[in-house]
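Working notes for the structure below.
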Amino acid sequence: MRRMFKIGITGAALALATVGLSSPAQAASSEIHRGKTGCFSWSWAEGWTTTTVYYRNTCSYESSINIWWQDGSTSRMKKVTAKGGASGSVKNTGDFKRID
């Protein structure tokens with residue numbers, strides 16, 4: 001009985017250590033990309049199935065940017081309008097393409 005208990009604890013510890021090494025977040029790219037377009041500073045990093053773009057309007061007035069994603073053969077664009085000093089994020093499936 002005592003030997004089975006030790007094997008069970010060792011197996012559980014090994015399983016927990018393995019789970020920590022193979023999480024989806026680690027499988028995705030950990031490189032953060034940053035840039036500035038007009039009034040906006042922005043950053044993004046690829047996720048497992050989506051990409052989130054974080055932005056901040058650095059101007060004192062309302063301004064807009066277009067954020068583009070590529071999902072297979074489909075391009076998607078999301079227009080973001082933000083007041084001066086505002087920040088936020090936009091998430092979409094696919095890979096980040098560009099901001100204009």
Side-chain angles (χ1 to χ4, degrees):
M1 176 76 171
R2 188 169 217 156
R3 184 177 178 155
M4 268 175 101
F5 182 73
K6 282 184 180 179
I7 291 170
I9 295 295
T10 304
L14 181 60
L16 286 174
T18 304
V19 168
L21 295 175
S22 61
S23 70
Q26 290 174 334
S29 171
S30 61
E31 186 177 353
I32 297 174
H33 306 271
R34 300 177 193 281
K36 184 159 174 54
T37 302
C39 285
F40 287 85
S41 59
W42 46 265
S43 65
W44 64 274
E46 289 183 22
W48 187 251
T49 59
T50 61
T51 302
T52 303
V53 176
Y54 299 90
Y55 61 86
R56 176 165 166 53
N57 182 351
T58 59
C59 292
S60 59
Y61 51 88
E62 185 174 272
S63 188
S64 298
I65 56 170
N66 298 320
I67 304 172
W68 293 85
W69 285 268
Q70 186 74 36
D71 191 4
S73 62
T74 305
S75 290
R76 292 190 175 105
M77 188 270 294
K78 170 72 176 172
K79 182 175 184 171
V80 173
T81 301
K83 293 181 179 181
S87 60
S89 64
V90 179
K91 179 190 267 187
N92 210 327
T93 58
D95 299 319
F96 172 83
K97 192 172 177 182
R98 71 177 188 271
I99 293 180
D100 51 31

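In what follows, every heavy atom counts, from backbone to side chain, and hydrogens, waters and symmetry copies are set aside.
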key: Whether Trp44 and His33 hold their rings parallel, tilted or perpendicular, with breakpoints at 30° and 60°   = parallel

request  = Could you walk me through whether Val53 and Trp69 pass the side-chain contact (heavy atoms from CB on, under 4.5 Å) test, one step at a time?
outcome  = CA-CA 10 Å; Val53 176; Trp69 285 268; 4.0 Å; yes

query = Could you state the interatomic distance from CZ (Arg98) to CD (Gln70), rounded to the nearest 0.5 Å?
reply = 9.5 Å

ask   = Quick one: side-chain contact (heavy atoms from CB on, under 4.5 Å) partners of Asp95, sequence neighbours excluded?
value = Glu46

request  = Determine, using the 4.5 Å side-chain heavy-atom cutoff (strictly less than), whether Tyr54 and Trp42 are members of one ILVMFWY cluster.
outcome  = no

query = Taking the side chain from Lys36 and the backbone from Gly38, do they hold a donor-acceptor pair closer than 3.5 Å?
reply = yes

request  = Please determine which of Ser41, Cys39, Ser43 meets the side-chain contact (heavy atoms from CB on, under 4.5 Å) test together with Arg56.
outcome  = Ser41

ask   = Taking atom types as modelled and ignoring hydrogens, do the side chains of Ser75 and Trp68 form a donor-acceptor contact shorter than 3.5 angstrom?
value = no

request  = Check Thr93 against Asp71 and note the closest heavy-atom contact, atom names and distance.
outcome  = OG1-OD2, 3.0 Å

key: Co-membership, hydrophobic cluster, residues Phe96 and Val80, 4.5 Å side-chain   = yes

ask   = Which heavy atom in Thr51 sits nearest to a heavy atom in Ala45, and how many Å separate them?
value = CG2-O, 4.0 Å

inquiry  = Could you report the tightest heavy-atom contact between Tyr55 and Ser89, atom names first, then the distance?
reply    = CE2-N, 3.4 Å

query = Lys79 and Met77: which non-hydrogen atoms are nearest, and at how many Å?
reply = N-SD, 3.6 Å

message = Would Lys83 and Asn57 count as a side-chain contact (heavy atoms from CB on, under 4.5 Å) here? Give the steps.
response = CA-CA 7 Å; Lys83 293 181 179 181; Asn57 182 351; 5.9 Å; no

